[in-house]
There are 2 protein chains.
Amino acid sequence: MNEIRVGGMRFALDLSQPLYEQVLEQVRSSIAKGEIALGEKIPSVREMAQALKINPNTVMRAYQELERDQLTETRRGQGTFITTDADKVSHIRHRLAEEAVEEFLARMSSLGFTAADIANILRAKGGEG
Amino acid sequence: MNEIRVGGMRFALDLSQPLYEQVLEQVRSSIAKGEIALGEKIPSVREMAQALKINPNTVMRAYQELERDQLTETRRGQGTFITTDADKVSHIRHRLAEEAVEEFLARMSSLGFTAADIANILRAKGGEG
DNA sequence: TTAAGTGTATTATATCACTTAATACACTTA
DNA sequence: TAAGTGTATTAAGTGATATAATACACTTAA
């Protein structure tokens with residue numbers, strides 16, 4: 001699978017998407033799922049870059065987006081830490097979910113599926129899984 | 001809105017995505033929704049390019065993807081026509097829906113939402129709309 | 001036969017996002 | 001003081017996207 005474990009997180013990078021987006025999303029996912037604790041330190045830019053075999057600048061870009069979303073706090077000279085504010089995590093998590101739902105519904109609507117159609121499809125899906 | 005009507009279809013292009021993908025998706029959407037009839041001729045490459053103010057090569061690329069999906073048939077010297085095979089349309093429509101569902105569920109799962117969570121969110125969404 | 005309108009192919013150019021590389025600087029801690 | 005942090009800068013390369021200009025094969029109607 002080319003799966004890399006670093007800092008208690010799992011990473012699987014490919015070329016289908018920008019690398020910085022994949023790093024961002026996979027760290028964010030770990031936070032949202034609670035797989036990494038609040039206040040915990042994540043690997044340094046250089047350490048992460050070396051582990052993932054990508055450029056430090058690329059990791060930096062991902063880390064800066066995490067901080068802009070207030071999911072992390074950076075302390076110069078110390079490192080990058082997950083926020084200690086559970087509300088921040090909850091807020092971002094629901095905002096991202098809202099975006100996913102909106103995009104999904106728009107996409108299905110553009111294919112001519114109604115809300116009832118979608119409910120049926122998901123119900124069928126849930127039944128088999 | 002910068003909405004352009006051409007060949008019975010509506011187009012609204014922006015810079016958030018490749019132009020050829022937007023043209024592809026918007027024609028495909030018109031077909032899936034039955035807004036354009038089976039067997040009908042769609043605008044020529046040059047006509048579409050002029051109407052949308054984009055390059056003919058860009059339109060060409062969108063048209064070729066439609067043909068690869070067998071949603072259209074091209075007749076040299078005559079033009080590009082929607083397939084007359086309703087099954088083809090149905091097949092593609094369900095394939096795209098399947099992809100949308102899979103991506104949506106994966107995205108929600110990466111945020112730590114369960115199938116039950118998702119059902120609740122969509123039910124709430126349906127109720128208010 | 002001809003002219004206009006089709007799809008199609010080719011070559012060249014330009015732009016932009018992404019990624020890497022190499023450095024350097026400010027800060028914190030041991 | 002040395003090592004490890006985040007951060008900034010400059011340069012270069014690559015690939016996808018889009019445009020431009022041109023040409024060719026085919027179909028249809030005048």
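Naming convention: chains lettered A, B, ... in sequence-line order (proteins, then strands); numbering from 1 in each chain. Bear in mind the structure is a predicted one, so any value in this text is a computation, not a measurement.
Between Arg61(A) atom CZ and dT9(D) atom C1' the separation is 16 Å, expressed in whole Å. When the C1' atom of dA21(D) is taken as reference, atom CG of Asn55(B) falls 10 Å away, rounded to whole Å. Between the P atom of dA20(D) and the CD atom of Gln50(B) lies a distance of 13 Å, rounded to the nearest Å. Rounding to whole angstrom units, CG of residue Leu15(A) and P of dA16(D) are separated by 10 Å.
Two residues, Ile42(A) and Ile54(B), neighbour DNA chain D, and the one matched to the more 5' nucleotide by heavy-atom proximity is Ile42(A). Positionally, the nearest nucleotide of DNA chain C for Pro43(B) lies more toward the 5' end than for the other of Pro43(B) and Glu21(A). In terms of position on DNA chain C, the residue among Asn57(B) and Arg46(B) whose nearest nucleotide sits closer to the 5' end is Arg46(B).
For Asp14(A) (side chain) and Ser16(A) (main-chain N/O), a donor-acceptor pair under 3.5 Å exists by modelled atom type. The backbone N or O of Leu111(A) sits less than 3.5 Å from a side-chain atom of Arg93(B), completing a donor-acceptor pair. A donor-acceptor distance shorter than 3.5 angstrom exists from the side chain of Glu40(B) to the backbone of Ala37(B), with no hydrogens or angles considered. Using modelled atom types, no side-chain atom of Gln26(A) and backbone atom of Val23(A) make a donor-acceptor pair closer than 3.5 Å. No donor-acceptor distance shorter than 3.5 angstrom exists from the side chain of His91(B) to the backbone of Asp87(B), with no hydrogens or angles considered.
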In dot-bracket notation, what is the pairing pattern of DNA chain C, taking Watson-Crick (N1-N3 plus N6-O4 or O6-N4) and G-U wobble (N1-O2 and O6-N3) contacts under 3.5 Å, with [ ] crossing and | for other strands? ||||||||||||||||||||||||||||||
Just do the side-chain hydrogen bond (donor to acceptor under 3.5 Å, both in side chains) check on Thr83(B) and Asp85(B) with the steps written out, would you? CA-CA 5 Å; Thr83(B) 180; Asp85(B) 187 340; 5.4 Å; no
Might you work through the side-chain hydrogen bond (donor to acceptor under 3.5 Å, both in side chains) test for Asp117(B) and Thr114(B), ending with a clear yes or no? CA-CA 5 Å; Asp117(B) 292 333; Thr114(B) 67; 3.1 Å; yes
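Between chain B and DNA chain C, the heavy-atom contact criterion of under 4.0 Å yields a 5' to 3' nucleotide range of dG5(C) to dT10(C).
Under 3.5 Å, the side chains of Glu67(B) and Thr74(B) contain a donor-acceptor pair of N or O atoms.
Within residues 67-85 of chain B, the residues that have a heavy atom under 4.0 Å from DNA chain D are, in order of number, Arg76(B), Gly77(B), Gln78(B).
The existence of a salt bridge linking Arg107(B) and Glu103(B) is excluded, since no basic side-chain nitrogen approaches an acidic carboxylate oxygen closer than 4.0 Å.
Between Thr58(B) and the phosphate of dT17(D), there is no side-chain N or O to OP1/OP2 separation shorter than 4.0 Å.
The cluster map of Ile, Leu, Val, Met, Phe, Trp and Tyr, joined by side-chain heavy atoms under 4.5 Å apart, puts Tyr20(A) and Leu96(A) in different clusters.
Classified by interplanar angle (parallel below 30°, tilted 30° to 60°, perpendicular above 60°), the ring pair Phe104(A)/Phe104(B) is parallel.
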